[in-house]
Amino acid sequence: MPETIPNVSRDEQAELGAMSFADCAAKLARYFVDNKFSDNDLKLLCRDAYDFSLPIRTIDGHDLDPAMPESSYDELILELFHGPTLAFKDFAARFMGRAASHLMQSSGDQRTILVATSGDTGGAIGDAFLNQKGIQVFILFPKGGVSKVQEQQLCTIGGGNANVHAIAVDGTFDDCQQLVKEAFANKKMAKQFNLMSANSINVGRVIPQSFYYFWTSLQIKAAYMDKPIVYSIPSGNLGNLTGGLIARAMGAPIDRFVIGNNANDPFVDYLASGEYQPRASVPTLSNAMDIGRPNNFPRILELFKGSHEAIQNVCWGASFSDLDTERHMRSLHTATGYVMCPHTAVGHMAMQEFAKDVKRPFTQVTVSTAHPAKFADSVERILRMDVPLPKPLKKAMKVQKVMHISPPTLDALQEYVEKKT
Ligand SMILES: *Cc1c(COP(=O)(O)O)cnc(C)c1O
């Protein structure tokens with residue numbers, strides 16, 4: 001956790017809202033980093049990292065536009081999938097990759113990154129750290145547990161002879177996450193390889209996720225002054241939510257968060273009952289959320305000083321089966337033409353469920369976490385239509401895959417890392 005959460009004044013918020021997203025991000029980052037980064041370093045870093053858009057759209061495809069009638073703003077989609085690997089994780093990974101490289105250049109350090117992925121983190125981290133000097137990246141993913149497109153993406157970063165290595169672990173995502181944790185806890189290994197984490201256990205992955213909540217809530221507030229803003233977040237490890245909660249704690253004009261879970265729903269259960277019971281994960285259609293022990297739960301507790309009641313005042317959740325998700329994707333597509341990835345669909349259903357019991361008007365913002373083409377295998381089956389691949393994916397699909405298959409043991413991991421570093 002950051003030692004303190006800064007409070008951004010109303011005056012400063014007015015300035016931040018008038019800036020580009022990248023410049024606003026640089027200003028917010030200033031609160032969390034020390035003088036190894038100048039203001040100008042941060043500005044250049046953010047402008048380089050955030051060279052893609054984050055559109056706030058209506059479900060029928062219009063951009064947020066103050067000239068539109070108020071009622072069209074009730075339901076918005078925040079598309080966070082326009083970065084190079086087509087999922088929201090690009091936002092934090094690209095900030096972190098550039099920040100780490102800046103620090104490494106001044107210190108001459110060497111680092112080994114171990115990262116466990118349920119599909120999207122690995123791609124974003126691999127892309128963000130590709131060819132960065134002094135850094136080797138090992139991406140652990142559950143063999144057969146990611147979508148076809150994700151696997152292709154993970155196993156083609158750098159074409160097999162760069163500093164990014166994909167490891168297909170014979171196990172679940174929780175096994176991968178556990179292996180990474182064991183490696184870090186193993187003093188000998190941590191020292192020998194100078195290990196660095198790039199999962200959301202690293203706070204450097206979480207803080208940049210507050211930037212887009214901050215900036216987009218200011219844009220929505222400016223367009224639509226009087227209504228409270230509620231974001232719905234399809235969640236697994238709860239890193240995205242933690243970013244949102246940090247933005248809210250800093251003063252961003254966000255009323256509440258709605259959390260959508262798939263069958264892996266220990267957090268939604270906790271919200272309802274006050275009891276937290278982590279458990280083994282089960283595979284679902286929204287595989288990036290197949291997490292039974294969310295890493296960021298302790299951070300959320302800390303933000304609210306352990307009070308279940310305080311958390312309940314800000315967070316509400318619901319969970320959905322794969323069958324619900326498929327039905328929703330189909331009916332939404334038929335009614336509006338909008339194609340959602342299965343994760344986003346879970347968040348969207350949770351928002352609709354939440355909205356049923358709310359009488360006063362509010363602005364609904366469903367956070368879209370990935371481009372549907374990343375899950376083309378399931379989306380095409382469910383919607384019975386072709387989902388065209390965006391350019392970066394088309395390129396990755398043509399490259400020969402390179403992966404190392406490994407049993408889920410620390411010894412096997414250590415041996416492979418040793419060979420490659
Ligand atoms: C990672 C991911 C999630 C879950 O985000 P958390 O921060 O782990 O809660 C949801 N959807 C997609 C597409 C993802 O890649």
Side-chain angles (χ1 to χ4, degrees), residues 77-93 96 115-127 139 141-142 145-147 149-151 153-154 173-174 176-177 198-210 212-213 231-247 257-262 264-268 270-271 281 284-297 299-300 315 317 319-320 325 329 339-350 366-376 378-379 393:
I77 311 283
L78 169 58
E79 292 183 352
L80 296 180
F81 56 71
H82 295 276
T85 73
L86 309 174
F88 78 92
K89 296 191 171 78
D90 283 327
F91 282 89
M96 190 186 177
V115 59
T117 185
S118 55
D120 288 331
T121 299
I125 292 293
D127 184 81
I139 304 170
F141 68 94
V146 302
S147 83
V149 174
Q150 283 175 324
E151 181 174 304
Q153 230 178 6
L154 288 171
F173 169 71
D174 285 327
C176 297
Q177 188 149 277
N199 278 110
S200 57
I201 39 179
N202 188 325
V203 77
R205 273 281 313 285
V206 176
I207 287 171
Q209 287 171 179
S210 67
Y212 49 76
Y213 287 103
Y231 284 83
S232 176
I233 311 178
S235 291
N237 244 332
L238 304 172
N240 201 2
L241 173 64
T242 305
L245 290 170
I246 290 175
F257 291 95
V258 168
I259 290 87
N261 272 168
N262 60 28
N264 301 283
D265 58 355
F267 188 64
V268 165
Y270 166 79
L271 287 174
S281 62
T284 75
L285 193 59
S286 42
N287 66 283
M289 315 197 308
D290 292 349
I291 289 155
R293 289 176 182 276
N295 259 338
N296 288 286
F297 182 72
R299 289 200 176 107
I300 294 173
C315 301
S319 56
F320 300 90
T325 308
M329 286 166 68
V339 180
M340 262 180 197
C341 90
H343 308 78
T344 307
V346 169
H348 193 240
M349 282 188 286
T366 296
V367 177
S368 180
T369 48
H371 192 292
K374 257 198 125 161
F375 304 93
S378 49
V379 175
L393 277 187

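Start at 1 and go down the list; that is how both ligands and their atoms are numbered.
Applying the side chain to side chain donor-acceptor pair (under 3.5 Å) rule to D290 yields the partners N262, N264, T284; only residues at least two apart in sequence or on another chain are considered. Scanning for salt bridge (charged side-chain N to carboxylate O under 4.0 Å, His left out) contacts around K374 gives D120, with sequence neighbours left out. The side chain to side chain donor-acceptor pair (under 3.5 Å) search around N295 returns Q177, K181, not counting sequence neighbours.
Judged purely by atom type and a 3.5 angstrom limit, S147 uses its side chain to pair as donor or acceptor with the backbone of Q150.
The minimum heavy-atom distance between D174 and R293, with the atom names listed, is OD1-N, 4.3 Å. The shortest heavy-atom contact between A124 and D90 is CB-OD1, 3.6 Å.
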Please tabulate, line by line, the atom pairs linking an N/O of ligand 1 to a protein N/O at a distance below 3.5 Å, with the distance in Å to 0.1, or answer 'none'.
unit_1, atom_1, unit_2, atom_2, d
ligand 1, 7 (O), G239, N, 3.0
ligand 1, 7 (O), N240, N, 2.8
ligand 1, 8 (O), N237, N, 2.8
ligand 1, 9 (O), G236, N, 2.8
ligand 1, 9 (O), N237, N, 3.3
ligand 1, 9 (O), L238, N, 2.8
ligand 1, 11 (N), T369, OG1, 2.8
ligand 1, 15 (O), K89, NZ, 2.6
ligand 1, 15 (O), D120, OD2, 2.4

